[in-house]
Amino acid sequence: MTGSIPLPGPEAEGLLRVLLLQDFNTRIVVAGAMLLGAVGGLVGTFLMFRRRALIGDVLGHAMLPGVAGAFLVLQMIGLARNLLVLLIGGAVAATLAGLAVLWLRRATRLGDDAVMAIVLSGFFGFGVVLLSIVQTTGGAGQAGLEDFVFGKTASMVTADVQVIAIGGIFVSGLAVLLFKDLGLLCFDEGFAASLGRRVGLLDVTLLAMTVMTALIGLQAVGLILVVAVMVIPPAAARFLTDDLRVTVIWSSGIGAAGCWVGVTLSAIAPGLPAGAMIVLSMAGLFVIALCFGGTRGLFPRWRDGRELRRRVGRDHLLRSMLEHRELTEATQIESRTIQGLRMWTAAEVATALRAGRRAGEVIEVEPGIWRLSERGALEAAALVRNHRLWEHYLLKYADIAATHVDRAADRIEHVLDPVLIRSLEIEVGSAGTAESPRSPHPLGHDPALPEGESNS
Amino acid sequence: MSVQRRKSDSAIGPEHDPDAAISIHDMTVAYQRRPVLWDLDLDIPRGVIAAVIGPNGAGKSTMIKACLGLIPKLSGSVRLLGQDPRSVRGQVGYVPQRESVDWEFPVSALDVVCMGLYRRIGWFRPVRRRHRDAAMVALDRVGLADFAKRQISRLSGGQQQRVFLARALVQEADLYFMDEPFASVDAATETAILEVLRELRDAGRTVVVVHHDLQTAREYFDWLVLLNTRLVASGAMQEAWTPDHLRATYGGRLTLLEDAGRAMGEAGGLKQ
């Protein structure tokens with residue numbers, strides 16, 4: 001009986017009641033779901049870094065034969081449907097499946113993906129067979145079995161939340177106690193073993209934690225989607241930080257938030273299944289993290305890439321203008337000439353010139369005619385020097401064909417840091433200055449390097 | 001244990017030299033059904049920097065891993081510092097190959113170095129201030145004190161290698177196994193690693209290094225183990241480094257042989 005949170009009164013008032021957790025039922029459902037989300041995010045972080053994200057899926061699906069088998073056994077000995085017995089059945093089956101995965105990948109040369117696919121489909125197929133037997137024998141409580149497949153979040157009762165709470169506390173406690181060792185297991189299994197850490201035991205512990213999580217997730221989101229609770233939050237957290245502790249906190253938070261949003265949405269629109277809404281909410285949070293995540297998100301990366309492109313464009317522009325000036329002795333240059341100096345499009349030149357004008361490095365004397373500003377000339381001289389240093393360095397130390405040096409130098413100089421430049425100056429020695437261009441300022445030891453300053 | 005060996009004189013005592021840092025007896029290791037190491041008998045004395053050298057697939061890494069108990073042996077026995085490897089884990093340090101881990105893992109250089117202390121910290125206990133202080137000292141020793149807080153993927157390959165070395169240093173072991181610490185690192189890192197190895201040796205520690213570069217081997221190490229599935233030679237560098245041994249190790253690999261020849265010439269000139 002997939003009921004939903006009762007909505008008293010008109011829509012708006014009902015929404016308010018749900019959001020403010022005024023109903024006891026609502027409170028139960030929200031608390032249970034958020035707890036599950038937090039625990040899933042916690043365990044999932046370690047699974048993801050152990051490259052076992054899909055094991056949650058295997059364990060979830062493998063619970064079906066356990067639950068159905070336990071139900072059949074109960075029916076045979078004439079007992080009523082008992083939640084605890086069904087859950088134990090599920091846990092036994094999931095543990096067997098997990099051990100089967102661990103054993104198969106050790107004992108055979110099948111890949112992880114194949115092993116997991118085999119175990120998942122094998123157990124789930126068996127579960128479907130058992131489920132159909134249950135249906136043909138027509139037990140009284142059989143409808144309840146289908147709740148395990150898709151979850152029954154909205155009709156969770158206190159007993160369900162108690163199961164979630166006990167399991168959740170147990171699993172999080174283990175994760176906190178074993179935090180550093182699970183982290184080491186994920187990062188460097190071989191080193192862990194060399195320290196005498198029982199890698200196999202740690203893996204089985206992580207498996208047990210996963211089974212527990214899948215078990216409590218069974219109540220809320222069902223065995224098919226329970227994997228999402230363990231995979232999506234850590235994957236989203238991955239875009240937000242570069243610290244394992246913070247990853248775990250974000251992951252748990254995203255899990256809890258996703259569950260809360262999902263439950264609330266399904267309460268507002270009673271027709272929608274809460275379990276699926278939870279998964280969808282998490283997926284939404286994942287997309288947000290993917291796009292805007294602080295360290296690895298798409299938008300920050302695009303922004304960094306644009307920043308780099310701009311700097312490269314500026315460097316090319318300044319260098320071309322200075323070299324042109326020294327070659328022709330003319331201080332002014334047409335934008336069309338600049339375009340000819342490099343393989344640039346008119347638009348690229350225009351963009352670079354506009355940016356240069358904003359930075360005060362180039363000046364538009366009259367439409368289409370440009371010259372370097374005093375500052376721009378100094379910057380350009382530093383760049384040219386930097387570039388030549390690289391050229392010499394590559395010619396001297398790396399076996400790069402001389403004809404390719406310019407291109408290689410172009411790429412590297414944009415990532416050159418001041419310390420390296422100084423060491424290059426020393427290494428290249430006088431060779432660096434021998435062929436340097438006549439330049440408005442001395443080329444020897446110039447502290448005003450482009451990377452060191454912060455304009456634009 | 002097998003008391004009746006084919007060598008009759010071994011009946012008078014244990015097969016292992018109790019004074020050796022590493023004593024391997026009759027060790028065979030196989031992956032699936034393909035033996036990678038055959039009947040290895042080997043002693044490495046204490047207080048040396050030893051190079052384990054041989055062609056690809058010669059079983060160099062396998063030897064280290066089997067000594068550490070990371071992979072099962074088909075037969076044979078190993079003594080580290082005169083004892084069963086399991087009972088001296090606290091005295092044995094390990095630097096795995098840099099490629100063996102995912103450097104995108106969200107930890108800082110300092111976090112990684114702290115891992116070397118996990119055994120001492122024990123189960124269920126967190127890393128504390130004094131542990132981080134010890135890790136900082138180790139990082140400083142490899143010249144990376146300024147990079148302690150940096151996420152490890154933002155370090156260069158050489159810096160990553162030095163982080164691994166610092167993690168081993170913090171173990172304060174008497175015996176170290178290092179798997180290709182000099183593989184594709186920059187010159188500064190190579191110098192820094194070598195310096196640390198020499199400090200360790202001068203402090204009486206033993207370091208066993210899987211090495212791939214014949215050019216530098218003779219200059220860097222004072223003990224040589226030549227390996228090609230079987231043991232070709234093991235001994236002090238001056239004695240073991242002979243054309244015959246190198247040829248036996250590298251077999252028909254002509255280019256490598258030429259390298260070896262050139263290396264020998266150069267190393268001979270460089271010899272102090």
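Just the heavy atoms: all of them, side chains too, but no hydrogens, waters or symmetry mates, feed the values below. Just so you know, these numbers come straight off a predicted model, no measurement behind them. Proteins come first, then strands; the chains are lettered A, B, ... in the order of their sequence lines, and each starts at number 1.
From Phe105(B), atom CZ reaches atom CG of Leu244(A) across 4.5 Å, with rounding to the nearest 0.5 Å.
Looking at Leu182(A), there are no atoms closer than 4.5 Å to chain B (heavy atoms on both sides), in backbone or side chain. Contact of Thr247(A) with chain B is made through the side chain alone, with heavy-atom distances under 4.5 Å. At a 4.5 Å heavy-atom cutoff, the contact between Val112(B) and chain A is made by side-chain atoms alone.
Looking at heavy atoms from C-beta onward, Pro106(B) lies in side-chain contact with Arg238(A) at the 4.5 angstrom threshold. Residues Leu195(A) and Gln171(B) form a side-chain contact, since some pair of their non-hydrogen atoms from C-beta on lies under 4.5 Å apart.
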| request: Could you walk me through whether Arg154(B) and Asp242(A) pass the salt bridge (Lys or Arg N to Asp or Glu O under 4.0 Å) test, one step at a time? | output: CA-CA 10 Å; Arg154(B) 289 167 50 227; Asp242(A) 267 334; 5.3 Å; no
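With hydrogens and angles disregarded, no donor-acceptor distance shorter than 3.5 Å links the side chain of Lys180(A) to the backbone of Met115(B).
No more than 12 heavy atoms of other residues, nucleotides or ligands sit less than 6.0 Å from atom CZ of Phe170(A). More than 12 heavy atoms of other shown residues, nucleotides or ligands fall within 6.0 angstrom of atom CZ in Arg303(A).
Relative ring orientation between Phe164(B) and Phe187(A) is described as perpendicular, the plane-to-plane angle rising above 60° on a 0-90° scale split at 30° and 60°.
Tested against Phe124(B), the residues Asp181(A), Leu177(A), Leu174(A) include a single side-chain contact (heavy atoms from CB on, under 4.5 Å) partner, Leu177(A).
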